[in-house]
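To start, the structure itself, in structure tokens.
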Amino acid sequence: MKCPRCGTKLKNEKNPFCMRCGYIKNDLDNKYIKKHFRPNEKIIIPIFLTGIIITLIMFIVNDQNDRIKNIKTLRRNIESTSLYTTNNIAYNNILSPIEQEAYNTIIKAINNYENKTKVVLDNYDRIFKVENGIRKVLDAIDIDHPELIQYAYSDYRCKIDSCEITINYAISKNEYSFYFEQLKNKIEKIKNDIKDFSDYKKALHIYSVLGQNQEYGNKKDNKSYSIICFVDDNYFPLDKAYSKMSQIIFQNVGIESIIVSGKLGKVKHNWNLIKLDNSYYSFDLSWCSSKTEPIKNNISYYGFLFRNPVDFKYNYKIITPHAWGLKYFK
């Protein structure tokens, strides 16, 4: 007789068993049925499953590699302009990996002049922790990227796992090139004027030039948050703009410095620390228009190389050196 399934000739007609396809005769009901066993199934199934697993792993690895590649490309794009090269000190030291992703997303949106973007912060269990996380991200952007002349500030609305970010701009896309060239020329002029000065005299000259004819800016005016105030006499800078412009020029003239995010009393405030003769000093140009002594040529020099009063508080001590310099303190 032949196998009713595959047609192979069977030797034992009473209890037939097909070596080719695995069919046997069931003695209980005297019918030919297919048993769920085939000689090669033990090999085929594991190989099939292994293939699926390998394919999934390759997909995940390739997706991760593409993601890393995209992030590295983005970092290269945002790390350097002709005004300033960031060292990403806040990005690398105060942000968690998921906060770093939010940071990259917001900077990409700023560079593309997007008005809104969404970031995921799903590693917190309370909404106030999400809000603290996004504040930290926005502070890190201010610290690391003073060269974003188009950027004013960001508003946010948070849920338990994400935040909707609204980005406010100081200048339009069409105005960017004009202000960029104006700033570049101003920085180059300052740089050339003090190229032979000592670091102390460089810092003093920067304070004097940037503090000349200034007033404290208006928080309701987006332009007051940007360094464009230093090339447009119609607008005056806030503390963020003072610290950003100072930071950019310090780098261009070879003085080590950092933007400090903190508080003055109970008010959020940004200023700089600069390094002179291996010691750090506080440098807060926003005092230039105050009436605080000492005053010279209508500029208050209270913010020049001062010791931090009790009212000054650091937000991120991990990246903020102690301003304990004494040599130039008066």
Side-chain angles (χ1 to χ4, degrees), residues 74 76-88 103 106-117 138-155 165-194 202 205-253 255 257-259 261 270-272 283-286 288-289 299:
L74 175 61
R76 284 196 298 270
N77 290 339
I78 66 179
E79 278 177 1
S80 179
T81 70
S82 58
L83 293 182
Y84 184 79
T85 302
T86 182
N87 60 4
N88 295 314
Y103 171 109
I106 295 171
I107 289 193
K108 183 179 179 181
I110 292 170
N111 285 327
N112 291 333
Y113 266 92
E114 297 174 20
N115 292 318
K116 292 183 181 292
T117 190
L138 296 175
D139 284 346
I141 291 173
D142 284 335
I143 293 169
D144 286 346
H145 293 285
E147 81 284 0
L148 295 173
I149 66 173
Q150 73 273 39
Y151 176 60
Y153 61 93
S154 292
D155 297 313
I165 309 297
T166 301
I167 302 171
N168 300 280
Y169 293 95
I171 56 175
S172 69
K173 199 170 186 177
N174 293 333
E175 294 174 305
Y176 184 92
S177 295
F178 170 78
Y179 281 112
F180 183 88
E181 289 302 319
Q182 294 290 313
L183 285 162
K184 188 176 178 181
N185 292 338
K186 186 178 184 72
I187 293 167
E188 281 300 314
K189 184 179 185 309
I190 293 173
K191 185 177 177 180
N192 290 331
D193 289 345
I194 61 178
K202 285 179 181 178
H205 182 85
I206 291 166
Y207 193 100
S208 301
V209 170
L210 296 184
Q212 200 168 26
N213 301 321
Q214 292 290 3
E215 297 178 13
Y216 197 72
N218 183 355
K219 290 186 177 180
K220 295 182 179 180
D221 190 339
N222 286 1
K223 288 182 170 60
S224 291
Y225 293 85
S226 169
I227 63 174
I228 66 158
C229 298
F230 294 96
V231 292
D232 191 332
D233 294 337
N234 295 314
Y235 306 99
F236 298 103
L238 292 166
D239 57 291
K240 280 189 178 183
Y242 279 118
S243 64
K244 289 178 180 180
M245 187 64 172
S246 300
Q247 180 70 13
I248 289 173
I249 295 180
F250 286 139
Q251 185 184 91
N252 276 268
V253 301
I255 295 178
S257 62
I258 185 174
I259 293 175
S261 174
N270 285 13
W271 69 100
N272 304 84
F283 183 101
D284 189 353
L285 190 56
S286 67
C288 66
S289 59
I299 299 174

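Just so you know, these numbers come straight off a predicted model, no measurement behind them.
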Do [X] and [Y] make a side-chain contact, defined as non-hydrogen atoms from C-beta onward lying under 4.5 Å apart?
X      : Y      : value
Leu148 : Ile141 : yes
Phe236 : Asn218 : no
Leu238 : Asp221 : no
Asn222 : Gln150 : no

Atom [atom1] in [X], atom [atom2] in [Y]: separation rounded to 0.5 Å?
X      : Y      : atom1 : atom2 : value
Thr117 : Ile107 : OG1   : CD1   : 12.0 Å
Gln212 : Leu210 : CD    : CG    : 10.0 Å
Ser286 : Trp271 : OG    : CH2   : 10.0 Å
Asp155 : Ile165 : CG    : CD1   : 9.0 Å
Ile171 : Ser177 : CD1   : OG    : 9.0 Å
Lys184 : Ile149 : NZ    : CD1   : 12.0 Å

Say whether, by atom type as modelled, one donor and one acceptor occur between the side chain of [X] and the main chain of [Y] under 3.5 angstrom.
X      : Y      : value
Ser261 : Asn270 : no
Gln214 : Gly211 : no
Tyr169 : Glu114 : yes

*asked:* Within a 6.0 Å radius of atom CG on Asp233, are there more than 12 heavy atoms belonging to other residues, nucleotides or ligands?
replied: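 Open.
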Show every donor-acceptor pair shorter than 3.5 Å between a side-chain atom in residues 240-253 and any protein atom, with sequence neighbours excluded, or say none if there are none.
residue	atom	partner	partner atom	Å
Lys240	NZ	Asp142	OD2	2.9
Tyr242	OH	Glu215	O	3.4
Ser243	OG	Asp239	O	3.3
Ser243	OG	Lys240	O	2.9
Lys244	NZ	Asp142	OD1	3.3
Ser246	OG	Tyr242	O	2.8
Gln247	OE1	Ser257	OG	2.9
Gln247	OE1	Ile258	N	3.3
Gln247	NE2	Tyr84	OH	3.1
Gln247	NE2	Ser257	O	3.3
Gln251	OE1	Thr85	N	2.9
Gln251	NE2	Thr85	O	2.7
Asn252	ND2	Leu83	O	3.0
Asn252	ND2	Ile248	O	2.7

*Check step by step if side chain to side chain contact (heavy atoms under 4.5 Å, CB included) holds for Ile106 and Leu138.*
CA-CA 9 Å; Ile106 295 171; Leu138 296 175; 4.0 Å; yes
Kindly give the heavy-atom pair with the smallest separation between [X] and [Y], and that separation in Å.
X      : Y      : answer
Lys202 : Ile194 : CE-O, 3.3 Å
Ser224 : Cys229 : CA-SG, 3.7 Å
Ile190 : Ile206 : CG2-CG1, 4.3 Å

*Take Asn115 and Ile167 through the side chain to side chain contact (heavy atoms under 4.5 Å, CB included) test and state the conclusion after the steps.*
CA-CA 5 Å; Asn115 292 318; Ile167 302 171; 5.9 Å; no
*Could you walk me through whether Asp144 and Tyr103 pass the side chain to side chain donor-acceptor pair (under 3.5 Å) test, one step at a time?*
CA-CA 11 Å; Asp144 286 346; Tyr103 171 109; 2.9 Å; yes
